[in-house]
S.K.: 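Can you read through this structure? Questions will come right after.
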Amino acid sequence: MSAIEVSGLTMRYGDVVAVDGLSFTAEAGHVTCVLGRNGAGKTSTIEALEGLRRPTSGRLSVVGFEPHRDHAALVLRIGVMLQEGGISPAVRVGEIVRCTAALYPAAVDVAELLDQMGLSALQRRTYRQLSGGEQRRVALALALVGRPQVAFLDEPTAAVDPEGRQVIRRIIADLRADGVAVLLTTHDLAEAERIADRVVIIHEGGLVAQGTVEELTSQAGRGDELRFGAPSGLDTAALSAYLGGWDRAPVTEVAWGEYRVGAGATPELIYALTTWLAYYDLPLGDVRTRGRSLEEAFLQLTGARSGRPEVLPPQPARPRAPALEPERERERLELTYDPSWDWDR
Amino acid sequence: MRPLLAQTRVELAVTLRNGESLLVTLGVPIGTLVFFTLVDVLPTDGDAVDFLTPGVLALAMLSTAFANLAIATGFDRSYGVLKRLGSTPLGRGRLVAAKTLATVTLLALQAAVLVPIALGLGWRPDVETAPLLVAIGLGTVSFCGLAMLLAGRLSAMVTLATANAVFVSLLVLSGMVVPLDRLPSVLSWTSRALPSTALTEAFHGSLDHSGSVPARVWPVLALWALGTTALAVNAFRWDPDH
């Protein structure tokens with residue numbers, strides 16, 4: 001049995017369908033990241049799992065309990081960190097953590113928890129006197145004080161400085177090691193890529209993908225690319241032809257003087273590119289290679305455009321570099337290539 | 001029991017740390033009592049302190065059980081405090097109990113401050129315990145119900161503004177400071193339908209030497225207590241977004 005099981009969940013508010021037949025699972029000892037744009041249905045789903053909302057239809061199970069019906073049993077076993085904190089600004093750090101500990105029959109040692117969170121020195125401060133990152137850590141402490149089997153963390157690292165992020169990441173790693181099922185939401189896809197064992201992507205109330213980060217980023221593997229800087233206005237069609245043809249290595253000028261080659265950055269490709277540029281005596285700016293990021297996978301899966309189109313059709317080239325017949329050109333370049341050339345000379 | 005007491009302590013700590021709530025719950029009643037006793041501007045017969053004290057005690061109840069509770073709960077709701085507590089083992093029942101306990105503690109604190117001041121200013125009450133306690137009970141429930149009705153539906157800022165406006169209006173209209181018979185007759189008759197007026201009259205009846213509690217205050221207080229509680233239970237939203 002999975003720690004969290006969602007099957008056919010539908011949440012309707014009047015005429016608005018917030019969640020539509022959603023199914024996924026999350027395991028104990030795993031960090032599961034729920035991704036989705038604003039309004040995708042993340043909050044409704046998580047609040048249904050916390051038992052705060054009654055599902056319109058579908059089945060939910062959290063460590064074996066039906067969240068809404070078995071609310072009293074459930075709340076002893078879950079910890080919730082809200083995005084908005086849910087903490088009165090006038091309350092002191094030590095006060096609210098101790099009070100929350102008193103709500104649970106088997107709470108952790110408060111002094112130890114505060115120490116682990118790096119909050120010991122801030123006990124006498126009121127919540128409003130804390131920085132954004134410190135406030136997130138207090139909210140996290142409240143979620144963990146009751147030794148939860150499932151932790152629901154809503155945007156745990158939003159507005160947190162790099163040092164605070166380290167603390168929060170370490171604590172999430174500890175939870176995972178202790179066998180806690182961690183379900184977290186974030187808009188920071190790089191953060192999700194870093195900490196998630198599994199990712200669940202929700203779009204318009206339904207599941208669009210779930211799996212490990214690797215599984216998601218390698219799906220539909222159009223992600224590999226090589227980017228380079230060169231003078232604007234290159235004949236991209238010619239370069240693409242030289243690099244192996246539009247189908248295998250499409251070249252587009254994605255911004256002024258910034259080019260993208262839609263192909264895996266093999267040494268051969270880089271060699272051919274630099275050779276072509278050298279032939280026309282063109283300068284080369286930075287060259288970057290990378291695989292597809294979770295962000296790109298997310299944007300593709302949720303049907304978004306990232307602002308820079310992934311593949312543009314060849315643009316009519318401004319005649320800067322002469323467009324030569326590619327096969328002949330390649331031959332000539334290969335002929336002039338001398339492997340004994342001393343590059344350091 | 002431990003969760004209830006822990007939550008009550010936090011509720012009290014937050015209120016007592018908050019300057020505005022201290023001003024409303026202690027500053028205004030003490031100021032009113034002392035100022036109008038020492039400065040003879042009120043159109044009262046006899047000793048001003050004998051007229052003022054029952055009204056000021058009712059005013060103190062209004063400030064704590066209505067204004068302060070409404071404002072604090074409104075902000076709790078908007079900060080998501082209520083939502084967070086909804087996913088802890090505290091539960092709604094114990095949260096309401098904690099707020100009630102905190103309110104009753106504050107009322108006792110107010111009485112402990114105001115009564116000695118009034119006695120020092122020359123107040124000599126003639127206490128009828130039973131009607132006094134019933135009036136305190138019904139008055140507290142009416143004010144709390146009204147507070148929860150506002151805080152459970154309106155945004156924090158609108159709750160704050162509305163609670164303050166209602167507080168000041170009731171202060172003026174309920175015979176707490178200005179005697180009812182000095183108000184225009186339409187106002188003074190409408191005013192008798194208010195829970196704050198009924199409470200003030202009940203306090204006068206059970207604390208003044210002359211007279212007793214007029215029977216008409218009981219149905220008024222009972223109806224407000226039942227009505228606001230029923231409405232608040234139905235209208236209250238725990239979540240700030242709904």
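Numbered from 1 within each chain, the chains take letters A, B, ... in sequence-line order.
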S.K.: Taking atom CZ of A/Arg59 as the centre, report whether more than 12 heavy atoms of other residues, nucleotides or ligands fall under 6.0 Å from it.
M.R.: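 Atom CZ in A/Arg59 is not packed in, count stays at 12 or less.
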S.K.: Check each atom of A/Leu142 against the heavy atoms of chain B and say whether the ones under 4.5 Å are side chain, backbone, both or neither.
M.R.: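 Only the side chain of A/Leu142 comes within 4.5 Å of chain B.
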S.K.: At a heavy-atom distance under 4.5 Å, which candidate from B/Ala6, B/Gly91, B/Pro3, B/Pro89 has the highest pair count against chain A?
M.R.: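 Option with the greatest count: B/Pro89.
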S.K.: Rounded to the nearest 0.5 Å, how far apart are CD of A/Gln83 and NZ of B/Lys83?
M.R.: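 It is 8.5 Å, given to the nearest 0.5 Å.
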S.K.: Can you say whether A/Arg98 sits under 4.5 Å from chain B via the side chain, the backbone, both, or neither, judging by heavy atoms?
M.R.: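 Interface part for A/Arg98: neither.
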S.K.: Do any of residues 8-25 of chain B have a heavy atom less than 4.5 Å from a heavy atom of chain A, and if so, which, in residue order?
M.R.: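 So far as heavy atoms go, B/Val10, B/Ala13, B/Val14, B/Arg17 are the residues that approach chain A to under 4.5 Å.
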S.K.: For A/Leu82, is it the side chain, the backbone, both or neither that has a heavy atom under 4.5 Å from a heavy atom of chain B?
M.R.: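 Only the side chain of A/Leu82 comes within 4.5 Å of chain B.
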S.K.: Can you name the residues of residues 99-125 of chain A that have some heavy atom under 4.5 Å away from a heavy atom in chain B?
M.R.: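 If one takes a 4.5 Å heavy-atom cut-off, the residues of residues 99-125 of chain A near chain B are A/Cys99, A/Thr100, A/Ala101, A/Ala102, A/Leu103, A/Tyr104.
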S.K.: How far does CD1 of A/Ile78 sit from OG1 of B/Thr88, to the nearest 0.5 angstrom?
M.R.: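 With rounding to 0.5 Å, CD1 (A/Ile78) is 9.5 Å from OG1 (B/Thr88).
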S.K.: Would you say CZ of A/Arg12 has more than 12 non-hydrogen atoms from neighbouring residues, nucleotides or ligands within 6.0 angstrom?
M.R.: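 No, not enclosed.
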S.K.: To the nearest 0.5 Å, tell me how far B/Phe75 CZ sits from A/Ser88 OG.
M.R.: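 Going from CZ on B/Phe75 over to OG on A/Ser88, the span is 10.0 Å.
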S.K.: Quick one: which of A/Gly85, A/Pro67, A/Gly146, A/Pro89 has the most heavy-atom pairs under 4.5 Å with chain B, could you say?
M.R.: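 Top count of heavy-atom pairs under 4.5 Å with chain B: A/Pro89.
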